[in-house]
2 protein chains.
Amino acid sequence: MEKSDRAQQSQRALMGVRDLIVSGEIRAGSRLSEVALAEKLGISRTPLRAALARLGQEGLVDTIPSGGYAVRRFTREDVIDAIELRGVLEGTALRLAAERGVAPARMGDLHRLLVELDTTLRGTVEVMDFDRYVDLNAAFHERLWGLASQTIRREIERVTSLPFASPSAFLDKQADVPAFRRSLYGAQAQHRAMVNAIEMREGARAESLAREHARLARQNLEHVLDEDRSLIRRVPALSLVMG
Amino acid sequence: MEKSDRAQQSQRALMGVRDLIVSGEIRAGSRLSEVALAEKLGISRTPLRAALARLGQEGLVDTIPSGGYAVRRFTREDVIDAIELRGVLEGTALRLAAERGVAPARMGDLHRLLVELDTTLRGTVEVMDFDRYVDLNAAFHERLWGLASQTIRREIERVTSLPFASPSAFLDKQADVPAFRRSLYGAQAQHRAMVNAIEMREGARAESLAREHARLARQNLEHVLDEDRSLIRRVPALSLVMG
DNA sequence: TTCTTGCAAAATGTATACAACCGGTGTTCA
DNA sequence: TGAACACCGGTTGTATACATTTTGCAAGAA
């Protein structure tokens, strides 16, 4: 065991199992055999069990009453509620930030990100810098989370650890689809409005905007599930969703 | 290892460590030595580490960058935000229940609990059945949580696993204080209003009521911290709060 | 056929051994 | 005198052995 391996087997286990689940290599509902997984990942059962316990807390696997874990099955309602929950929590973060005030330096960061996001949307839908928008969008949301206290940030991060509840869930490179691209213009308008609401100390408005902003993800979800199911494969996290 | 001990050492470890922390036997900020704890609880390090990892997820202990865990220090703001978060999440549960509708049987359960809660408040402040109210109150809130989907219920349960964020945090037997007793009449009125709002499908009202209801806990907290610090000892969870 | 019963293989939960690492202390050298 | 360094106790992270339980399956009886 080398120096750089310290506390790293657990990390490998966590990422490895998560990847196996999200990629769909292990079907939803199937039991996770510790020995098989440990062998597959080339680690022992101890760090693997730690990873499984953590994934249980994250909600990606269920604990079986008689022992062990199984890949959780997500219904459409589960996904919708996870997205709703993200909206509620981000909304709370923004409301409290607006009510309590934010240091100017942080507002400056947000403004800079807004400007950068705008530049990626300059051109037409076809030529816009989609990849760069995705990165900046993730950074923007993380800055928003940073406005909240540790207690609230923890919950946001837990909820968004579900792959389909993250702000980037439908914005991966694989999911570069015209319908999703078009939604970015409205999303960016909401970004600006959210920052403005915080600056104006309009807590309720900030909260409402964050909730509505998360609804974009729900729209994208419903577009995939109801109108163009061929896209399911493009959004990896959705392999977990049944019917 | 006997039959009934299966998967029970982990439970004992979890409850044991949590108790040591909440009771204040281990000071906030101090490091948790695995070997010492394991010996103290009479178990091996393996289930103990599982318990510590879980407490880390719950937010009761922090992970130390160089390895291991320490009892988390909670500021007053941490506690306030945890209570606020409970209000937000319970509010979301109620709003969604109101918007989506609730099966009559469940509403019946809630009404029965309301009636029982009322009976405990019949007499004067001095003779009311405080202990019974506490139990019924906990049951009532759990029923409310049951109205939400699994995804949301999970988060509620995680947040309320912090001892001072639970609906019963300031209603333990030890915390039987006139100021807290008096707040129960208003609380019960809010209970009735919340159920009514759900029945009337008034989602926004239900959400607001749940948030305001959680504020009672904040009032009690501030009463303890600002007006009668001698009560800190009566509310065990507050031994974790610094300054 | 279908349900019950017994058994064996596999899986989990726990204990323990081992290796790497962190922090502090004493020593040594400039 | 002070700083660098080597070492050592104590601690965590990992691997593995072991005991008990779960479970799938086959055989037998109703």
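This one's a predicted model, so the numbers in the text were calculated from it and none came from an experiment. Naming convention: chains lettered A, B, ... in sequence-line order (proteins, then strands); numbering from 1 in each chain.
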So, is [X] near the phosphate of [N], with a side-chain N or O under 4.0 Å from OP1 or OP2?
| X | N | result |
| --- | --- | --- |
| Gln8(A) | dG13(D) | no |
| Ser10(B) | dG13(C) | no |
| Arg49(A) | dG13(C) | yes |
| Ser66(A) | dT12(C) | no |

Write down the distance between [atom1] ([X]) and [atom2] ([N]), rounded to a whole number of angstrom.
| X | N | atom1 | atom2 | value |
| --- | --- | --- | --- | --- |
| Leu52(B) | dT12(D) | CG | P | 9 Å |
| Leu14(B) | dG13(C) | CG | C1' | 15 Å |
| Tyr69(B) | dG13(D) | OH | C1' | 11 Å |
| Arg12(A) | dG13(D) | CZ | P | 17 Å |
| Arg31(B) | dC22(C) | CZ | P | 11 Å |
| Gln9(A) | dT12(D) | CD | P | 19 Å |
| Leu32(B) | dG10(D) | CG | P | 19 Å |
| Gln11(B) | dG13(C) | CD | P | 11 Å |

Exercise for the section: Tell whether Thr46(B) reaches the base of dA15(C) with its side chain through a donor-acceptor pair below 3.5 angstrom. Expected result: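 A donor-acceptor contact between them is present.
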Practice task
Examine the side chains of Arg158(B) and Gln57(A) and answer whether a donor and an acceptor come within less than 3.5 Å of each other.
Solution key: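 Judged by distance alone, the side chains do pair up.
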Nucleotide nearest [X] when distance is taken to its side chain, options [options]:
| X | options | value |
| --- | --- | --- |
| Ser44(A) | dT14(D), dG13(D), dT12(C) | dT14(D) |
| Ile43(A) | dA15(D), dT23(D), dT14(C) | dA15(D) |
| Ser33(A) | dA15(C), dA11(C), dA17(C) | dA11(C) |
| Glu34(B) | dA11(C), dT12(D), dT14(C) | dT12(D) |

Exercise for the section: Would you classify Leu48(B) as touching base, sugar-phosphate or nothing, given that sugar-phosphate means primed atoms plus P, OP1 and OP2, and contacts are heavy atoms under 4.0 Å? Expected result: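 No contact.
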Practice task
Could you check whether Ile64(B) gets within reach of a base, just the sugar-phosphate, or nothing at all, counting any heavy atom under 4.0 Å?
Solution key: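 No contact.
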Problem - Asp228(B) and Arg234(B) ion-paired at < 4.0 Å - result: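 Looking at Asp228(B) and Arg234(B), the cut-off is not met.
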Exercise for the section: Working to the nearest 0.5 Å, report the span between CG of Asp62(A) and CG of Leu32(A). Expected result: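 If I round to the nearest 0.5 Å, the distance is 10.5 Å.
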Exercise for the section: Drop me the distance from Asp172(B)'s CG to Ser166(B)'s OG, to the nearest 0.5 angstrom. Expected result: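 Atom-to-atom, Asp172(B):CG and Ser166(B):OG are 7.5 Å apart.
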Problem - Test log, rule side-chain contact (heavy atoms from CB on, under 4.5 Å), inputs Val177(B) and Val224(B) - result: CA-CA 11 Å; Val177(B) 172; Val224(B) 171; over 6 Å; no
